[in-house]
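The basis for the numbers below is simple: all heavy atoms, side chains too, and nothing from hydrogens, waters or symmetry mates.
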2 protein chains.
Amino acid sequence: MIDSNLEMKARKMLKAVKLYCTSGRIDILAILMKAGKPLSQEQIARRSGEKHFDKVTIYRTLESLLKVGLVHKAFMDKRAWHFELAHNCTEHQCHPHFTCTNCGNIHCLMGMSLPMAKSPYKGFVINRQQVWLEGLCPACA
Amino acid sequence: MIDSNLEMKARKMLKAVKLYCTSGRIDILAILMKAGKPLSQEQIARRSGEKHFDKVTIYRTLESLLKVGLVHKAFMDKRAWHFELAHNCTEHQCHPHFTCTNCGNIHCLMGMSLPMAKSPYKGFVINRQQVWLEGLCPACA
DNA sequence: GTAAAATCTGCAACTTTGTTGCATATTATT
DNA sequence: AATAATATGCAACAAAGTTGCAGATTTTAC
Ligand SMILES: [Mn+2]
Ligand SMILES: [Mn+2]
Ligand SMILES: [Zn+2]
Ligand SMILES: [Zn+2]
C-alpha cells in the first residue's frame, strides 16, 4: 500500500534524526506525506489499512517525530490533536490552516506568510507563531 | 465574592442578548471579566468558590455564551478548551494569545492586530483569524 | 403577585481522547 | 550471532467533554 518512493523518503528522514526505522514510523510518515494536511490519531489509524497500529503506538510515534521536529502539532478547532509534516514550515512559523465553517474541511494555505508578530509590550520574546483561519472553502463559498 | 459592579455588567450583557440571568451565567461572566484571559472549565470551577457549579453546567453555560457571541474559544497549546470574553475582539479577529514555553502562562496581547490574512488561492472566503504566539514572557526571558 | 411556560441545573452514566506500566518484539551495534 | 537499545501492544487508567432526564429557576402573561 505504501509506495516505495515514500518509504525511501521516510527512511532518510528518520536516519537523519537518528530514530529507529520502524514500520510504524515509516508508515505514519508516508501517510502524513500523502495527506498533505494535518491528521488526527484516528485519521491516521483509518488510513493505515491492515496494519492496525495500536493508538498508543501512533501517539508515541507522533511524539517521537514531534520531539525531533519532523512533525508539528497544528492548532485546529477540532477536539483531537492534529499532526502534520513540518517540511513546509519555517523555523518561526508554519503556514496558516483554514477550516471551512460549512463542510468542516481543513486546508493548508501554503505560500502566504504572514509577517511575524511583534509584541508591543516590552519583555516578550516571540519564537513561533501559528495562524488559524476560518471561512468558506472554494467548494462551499 | 462577586463584586456587584461586575454583576451589574453581567446582567446587562445577558439582557442584551436575551439570555436568562441565572446565577451561573452571572458568576461565570464575572469570573471571566476578572480573569482577563482565557480560562478552562476547571479554572472557572476553581474560581467560583463555594458555589461549586457542576462541570456540565459550566460547559453548557459557556456554550450558551458562545452561541450569542459573548464569549470566544481561544486556541491554546493546552489540552482543555479555554474561553474568554469576546469584548476585546473585532468581528474578524481576536487579539493574539501568547504562551510562555518556560512557565506555561498565557497572556492576551492586546493592541497588536495582525493584518487580516488574504488567501492567495481563489475561492477561499476568510471570515475570522486567530493568532497564537509562543516564546518567553517578561518574567522568564 | 401568581400561574404557566420557558429555560436552566445537577446528577449519573457515558463517550472521546490521550497516558502509563509492563512484558514482548524489533532494530541497531559490536 | 549476541547484546544493547528502543519500539510495540495490551490492559488499565485519566482527563475532558456530552447526554438524558427529573427537579429547580427565571421569565412572561394575566
Ligand atoms: Mn498545514
Ligand atoms: Mn485573550
Ligand atoms: Zn467547505
Ligand atoms: Zn514565562
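- Checked against side chain to side chain donor-acceptor pair (under 3.5 Å), A/Arg47 has no partners two or more places apart in sequence or in another chain.
- Contacts of B/Arg11 classified as salt bridge (Lys or Arg N to Asp or Glu O under 4.0 Å), with partners at least two apart in sequence or in another chain: B/Glu7.
- Taking atom CZ of residue A/Arg25 and atom C1' of nucleotide D/dA5, one finds them 12 Å apart after rounding to whole Å.
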Inset, instruction - Between protein and nucleotides 12-20 of chain C, map the contacts as a letter string: B base, S sugar-phosphate only, - none, heavy atoms under 4.0 Å, written 5' to 3'. - result: B---BBBBB
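- B/Met8 pairs by the side chain to side chain contact (heavy atoms under 4.5 Å, CB included) definition with nothing, not counting sequence neighbours.
- Remark: nothing in residues 98-105 of chain A comes within less than 4.0 Å of DNA chain D through any heavy atom.
- A/Ala117 and A/Ile126 get closest at one heavy-atom pair: O-CD1, 3.8 Å.
- Summarising the local packing, NZ of A/Lys78 is surrounded by more than 12 heavy atoms from other residues, nucleotides or ligands at distances under 6.0 Å.
- In this structure, the CG atom of A/Asp27 is 16 Å from the P atom of D/dA7, given to the nearest Å.
- Sequence neighbours left out, not one pair with a member in residues 38-73 of chain B passes ring pair (Phe, Tyr, Trp, His ring centres under 6.0 Å).
- A/His92 meets the side chain to side chain contact (heavy atoms under 4.5 Å, CB included) test with A/Thr90, A/Met116; sequence neighbours excluded.
- If you measure from atom CD1 of A/Ile58 to atom P of D/dC10, you get 12 Å, rounded to the nearest angstrom.
- If you check every strand for non-hydrogen atoms under 4.0 Å, A/Thr61 touches sugar and phosphate atoms only.
- Between the NZ atom of A/Lys51 and the P atom of D/dA7 there is a distance of 17 Å, given to the nearest Å.
- A side-chain hydrogen bond (donor to acceptor under 3.5 Å, both in side chains) with B/Gln93 holds for exactly one of B/Gln129, B/Arg128, B/Gln130; it is B/Gln129.
- Distance CG/A/Leu39 to CD1/A/Ile28: 10.5 Å, rounded to 0.5 Å.
- Distance, B/Leu14 CG to C/dC8 C1': 13 Å, rounded to whole Å.
- For A/Ser40, the side chain to side chain contact (heavy atoms under 4.5 Å, CB included) partners at least two apart in sequence or on another chain are A/Glu42, A/Gln43, A/Ala80, A/His82.
- Comparing the axis of the opening five pairs of the helix from C/dG1-D/dC30 to C/dT30-D/dA1 with that of the closing five pairs yields an angle of 40°, rounded to 10°.
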Inset, instruction - Encode nucleotides 24-29 of chain D as B, S and - characters from 5' to 3', where the letter depends on protein heavy atoms closer than 4.0 Å: B to the base, S only to sugar-phosphate, - to neither. - result: --BS--
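- B/Met33 and B/Ala10 make their closest contact through CE-N, 3.8 Å (heavy atoms, listed as atom of the first residue, atom of the second, distance).
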Scan the side chains in residues 96-103 of chain A for donor-acceptor partners under 3.5 Å anywhere in the protein, sequence neighbours excluded, and list what turns up.
{"residue": "A/His97", "atom": "NE2", "partner": "A/Glu84", "partner atom": "OE1", "Å": "3.2"}
{"residue": "A/His97", "atom": "NE2", "partner": "A/Glu84", "partner atom": "OE2", "Å": "3.0"}
{"residue": "A/His97", "atom": "NE2", "partner": "A/His95", "partner atom": "NE2", "Å": "3.1"}
{"residue": "A/Thr99", "atom": "OG1", "partner": "A/Asp77", "partner atom": "OD1", "Å": "3.2"}
{"residue": "A/Thr99", "atom": "OG1", "partner": "A/Trp132", "partner atom": "NE1", "Å": "3.1"}
{"residue": "A/Thr101", "atom": "OG1", "partner": "A/Gly135", "partner atom": "O", "Å": "3.1"}

Which donor-acceptor pairs under 3.5 Å do the side chains of residues 64-71 of chain B make with protein atoms, sequence neighbours left out?
{"residue": "B/Ser64", "atom": "OG", "partner": "B/Arg25", "partner atom": "NE", "Å": "3.2"}
{"residue": "B/Ser64", "atom": "OG", "partner": "B/Thr61", "partner atom": "O", "Å": "2.7"}

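- Rounded to whole Å, the distance from NZ on B/Lys73 to C1' on D/dA16 is 12 Å.
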